[in-house]
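Okay, structure first, notes after.
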2 protein chains.
Amino acid sequence: MERSAVRVTVDIVIFSIREDALQVLLIRRKYDPFRGRWAIPGGFVLDRESLEQAALRELREETGVEDVYLEQLYSFGDPDRDPRGRVITVAYFALISSAQALRPGTDAEEAQWFPFSKLPPLAFDHRKILEYALVRLRNKLEYTTVGFQLLPEKFSLSDLQRVYEVILDKKLDKRNFRRKMDLLGILRPLREWRRQGVSRPARLYRFSAHRFERLRDKGILFPF
Amino acid sequence: MERSAVRVTVDIVIFSIREDALQVLLIRRKYDPFRGRWAIPGGFVLDRESLEQAALRELREETGVEDVYLEQLYSFGDPDRDPRGRVITVAYFALISSAQALRPGTDAEEAQWFPFSKLPPLAFDHRKILEYALVRLRNKLEYTTVGFQLLPEKFSLSDLQRVYEVILDKKLDKRNFRRKMDLLGILRPLREWRRQGVSRPARLYRFSAHRFERLRDKGILFPF
DNA sequence: ACAAAAGTGTTCGATATACACCCATGT
DNA sequence: ACATGGGTGTATATCGAACACTTTTGT
């Protein structure tokens, strides 16, 4: 068998809802190739770590956050995707709660949130990766509970609906949305309300993980 | 940045319906590690080929078939998954029509179909890969048209139903199944019938690709 | 009183499920 | 005539989509 002179990276599409928009975290490249361009955070897989560990490490280095939803997206391996040589990347996507503050630019890299609808020119094939990540996120939103990963622990139903609306990029009907969430049976209402400026206070809810497990057991979700 | 001393393979889970069962093609390893064990066909990615090209090449080498449904499954990169060192594999799955004959054991490798329900002990983490492939195949079956890829060009509705039944491992109602297929609007009835032994001849159908494209455009499918 | 967001039910069409008998053919 | 698989319709339950007004609060 032939040896393959290949290097492997992980790249992580980091989504968050900020300022009522779906945003992704990008870093500005300091070196060639694509110096000055924006890129998805990532880096080489180290010798003794799994792909997921590598993704978590990069995520920690880039943002300082630890507890996030992380899912493998797809592997991209066009021979010409990196001008430096043969580099295959395993792309992940991560969801960060809008409450989580990032430790800014830890390894002296310029990092910045961009609304998905206003992406700058990107390095490598990162535009393609981002677009596929959005497709997956939208699909997952419809048949799983990933949406909750983008919210803080306590949230109102309007918060939740806004998450769905900005990701799917369409208005949803409030009554239908609430009924659906209610039927899912994974929301625990709290005895807490939150005043949002000048109007009626909104009841807060918590995502009920253990009811969610039953859904998982019914095979609605995925094994990794 | 650190170099990663990694090699990359593609492995292909090859599904087919044979003898009214879902089967996978395995090859017997001739060399260590895991000499004598059965394994999913695969091999190293070459310098100038994409991941998909590598998968297609392995598929051709292993089976002689060219026109198949091929989809990337998942990348597996546990540091200890291969005793020879760091090998990351990008797993694909392929669907082969039951009509397609394989060029047998071309590169002097012993290849054999195994019913999914009677898998032998497998090399590496290939058992895990196979199990995930089945989960994906089942999911895809429900919201896409991959099922047709397992049939020859002309098929009866009973043939089609059998595909669904053996993959999902449950009996389906004939009338409901036919109505659903009819509503999908992707079957073209032919003026041809086939006698199956001693009973009434079954009408044959053809999968209508161009109607299918409309479904694809509606975003029901995936980009790769 | 009014502005702003929270909250709440009903109707309708589409889709999924359950269920049983007749038909065409070869032996 | 019978054994074998092919073919067909109806009734019910469930789910998603459309749609408008009242409530609570701060100013």
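From a predicted model like this one, the values you see are computed outputs, not experimental measurements. Order of the sequence lines sets the chain letters (A, B, ...), proteins ahead of strands, with each chain counted from 1.
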Rounded distance in Å - CZ (B:R178) to P (C:dC19) | 19 Å
With under 30° as parallel and over 60° as perpendicular, where do the rings of A:F177 and A:Y164 fit, or are they tilted in between?
-> perpendicular
Which nucleotide in the set C:dG9, D:dG26, C:dT17 lies at the smallest distance from any side-chain heavy atom of A:N176?
-> C:dG9
Ignoring hydrogens and angles, are the base of C:dT25 and the side chain of B:R195 linked by a donor-acceptor pair under 3.5 Å?
-> no
A:R175, nearest nucleotide to its side chain (from C:dT17, C:dA5, D:dC19) = D:dC19
Could you pick out which residue, B:Q196 or A:P201, lies toward the 5' side of DNA chain D when each is mapped onto its nearest nucleotide?
-> B:Q196
Check whether any side-chain N or O of B:R138 sits under 3.5 Å from a backbone N or O of B:I167 as a donor-acceptor pair, and report yes or no.
-> yes
Whole angstrom is fine here: how far is it from CZ in A:R203 over to C1' in D:dT24?
-> 15 Å
By nearest nucleotide on DNA chain C, pick out whichever of A:S199 and B:S199 is the more 5' one.
-> A:S199
Taking the nucleotide of DNA chain C with the closest heavy atom to each, which residue, A:S158 or B:K174, is nearer the 5' end?
-> A:S158
Mark yes when over 12 heavy atoms from residues, nucleotides or ligands other than B:R195 sit less than 6.0 Å from its CZ; otherwise mark no.
-> no
Going by the angle between their ring planes, with limits at 30° and 60°, are B:F93 and B:Y69 parallel, tilted or perpendicular?
-> tilted
Between the side-chain atoms of B:K180 and the base atoms of C:dA16, is any donor-acceptor pair under 3.5 Å?
-> no
Base D:dT10 to side chain B:R179, donor-acceptor N/O within 3.5 Å cut-off | yes
